[in-house]
Amino acid sequence: MSVSPIPFSKPYLSGREFQYMEQAVRSGKISGDGLFTQKCHAFFEQELGFQKALLTSSGTDALEMAALLLDIQPGDEVLVPSYTFVSTANAFVLRGARIVFVDSTAEHPNLDVKQLEALITPRTRAIVPVHYAGMACDMDAILAVAARHNLAVVEDAAQAIDSFYRGRPLGSLGTLGAFSFHEAKNIIAGEGGLLTVNDPTLVRRADIIREKGTNRAAFFRGEVDKYTWLEPGSSFLPSDLTAAFLWAQLENMTCIQQRRHLLWQRYDAALRVPLAAQQVGLPVVPAYATNNAHMYYLTCRSLAERTALIAHLARQQVLLVFHYLSLHRSPFYAPYHDGRTLPWADYYTDHLVRLPLYYELAEADQDRIAEAILEFYDKWDTR
Ligand SMILES: *Cc1c(COP(=O)(O)O)cnc(C)c1O
């Protein structure tokens, strides 16, 4: 019997994407900040409760906007987890910042808040917590350290749509928040992102930086009679075609999230008890956090075990993928790193593996994946 390959991820279309994109084209305005961008902004501000939401062309762009908004200067220091996507650090490196990498914890890939205080110097400007797998970092602890040292907090909430810290939406707790709508996230626009501005004193400049350093947004709102260059900026706003696509997704967010939660729980029901008995790591949702079903991952007991597990599933046409490589050991940053070992970041680099999780993953296929994993562990253990 031949089985069809199961990909790691598959973009889900809710059904209205083309209709809204056509509507945008026919409206005659497909550049940024059109009708659909306004709909998305209203959704984020009124439904999700963000003070100020600005669509960007990517999560990376939202992080780069954050670095510009905070006026990060050469030599400034920014605290970033080592186990993260490259953009978390890159956005600040582009401004000349020195990245001071923070280790993860034994329980969770999220950064270890207990290390923050000792890493702060007079040059430190910001902390950038990443809510890995959409699960909140310990934000009260991070905000307390930031307040004590007068630091900004930029939440990398790229994976964290529809997830909460003690009842408050991720992305609303720090000075700024960055979300991604890349096709591998829960809610997608191909490429797309969102900057949330939680400090009201930054809102005006956010509008300006996003529009090439000009007050063009204020001009289009009729607040000024011509627009002009006010400070350095770039073009961070997406086409309204992107926003039209995104709007079709946002309208269906509840349904998309329900399906992802169901699949996440099914993995957990099948795998947690037997794998925990074999000391394989499973996702831990901290008490203050929620799970937005972005990711189901395992932490294998060794790199050899992870490699063998991936190979075993590949033979059954199932694609499992590992994730980040510690940034402090990357070819680019290793020469600049201060030499501290970050054992937990390296641990997740070598041990963590992600299972396929996407809206259209059939339950029968998911059962096949879980069975193949359990079959692997039966044999691997008795070797
Ligand atoms: C996806 C992701 C990003 C980047 O988002 P893009 O939209 O792909 O630019 C940044 N940080 C984290 C943690 C991510 O998962």
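Remember, it's 1-based here, ligands and their atoms both numbered in the order they're listed. In this chain, residues are counted from 1 in sequence order.
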When you check the gap from the basic side-chain N to the acidic O, do Asp140 and Arg166 get nearer than 4.0 Å? yes
Do NZ/NE/NH1/NH2 and the carboxylate oxygens of Asp71 and Arg205 come within less than 4.0 Å?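 Here Asp71 does not pair with Arg205 in a salt bridge, since their nearest N and O are not under 4.0 Å apart.
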Hey, looking at [atom], which of [options] has the closest heavy atom?
{"atom": "atom 4 (C) of ligand 1", "options": "Phe179, Phe85, Phe181", "value": "Phe85"}
{"atom": "atom 12 (C) of ligand 1", "options": "Gly190, Ala158, Ala133, Ser57", "value": "Ala158"}
{"atom": "atom 7 (O) of ligand 1", "options": "Ala62, Ala184, Gly193, Ser180", "value": "Ser180"}

Identify, by atom number and element, the atoms of ligand 1 in contact range of [X], meaning under 4.0 Å from any of its heavy atoms.
{"X": "Ser58", "result": "7 (O), 9 (O)"}
{"X": "Val130", "result": "13 (C)"}
{"X": "Lys185", "result": "1 (C), 2 (C), 14 (C), 15 (O)"}
{"X": "Tyr324", "result": "13 (C), 15 (O)"}

How close does the nearest protein non-hydrogen atom get to atom 15 (O) of ligand 1, and which residue and atom is it?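 It is Gln159 NE2, 2.9 Å.
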Considering heavy atoms of the protein only, find what lies nearest to atom 11 (N) of ligand 1 and give residue, atom and distance to 0.1 Å. Asp156 OD2, 2.8 Å
At the 4.0 Å heavy-atom cut-off, does Gly192 count as touching ligand 1? yes
Without swapping roles, check the side chain of Thr242 against the backbone of Ala189 for a donor-acceptor pair under 3.5 Å.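 Checked: no pair found.
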Keeping the roles fixed (side chain from Thr341, backbone from Pro343), state whether a donor-acceptor pair exists under 3.5 Å. no
In terms of side-chain heavy atoms, does Glu251 have a donor or acceptor partner in Ser14 at a distance below 3.5 Å?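 The answer is no; no qualifying pair exists.
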If you measure only the distance, is there a donor-acceptor pair under 3.5 Å linking the side chains of Glu117 and His149?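 Indeed, the side chains of Glu117 and His149 share at least one donor-acceptor pair under 3.5 Å.
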Would one find an N or O of Glu191, backbone or side chain, under 3.5 Å from an N or O of ligand 1? no
Decide whether an N or O pair under 3.5 Å exists between Gly59 and ligand 1. yes
Geometric class of the Tyr165/Tyr288 ring pair [parallel <30°, tilted 30-60°, perpendicular >60°]: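 The rings of Tyr288 and Tyr165 sit tilted, inter-plane angle from 30° to 60°.
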Measure up the Phe220 and Tyr227 rings against each other and bin them: parallel (under 30°), tilted (30 to 60°), perpendicular (over 60°). tilted
Near-ring test His323/Tyr297, centroid separation under 6.0 angstrom: no
Under 4.0 Å, heavy-atom basis, I'd like to know which part of Thr60 is in contact with ligand 1: side chain, backbone, both or neither.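 Looking at Thr60 and ligand 1, atoms from backbone and side chain both fall under 4.0 Å.
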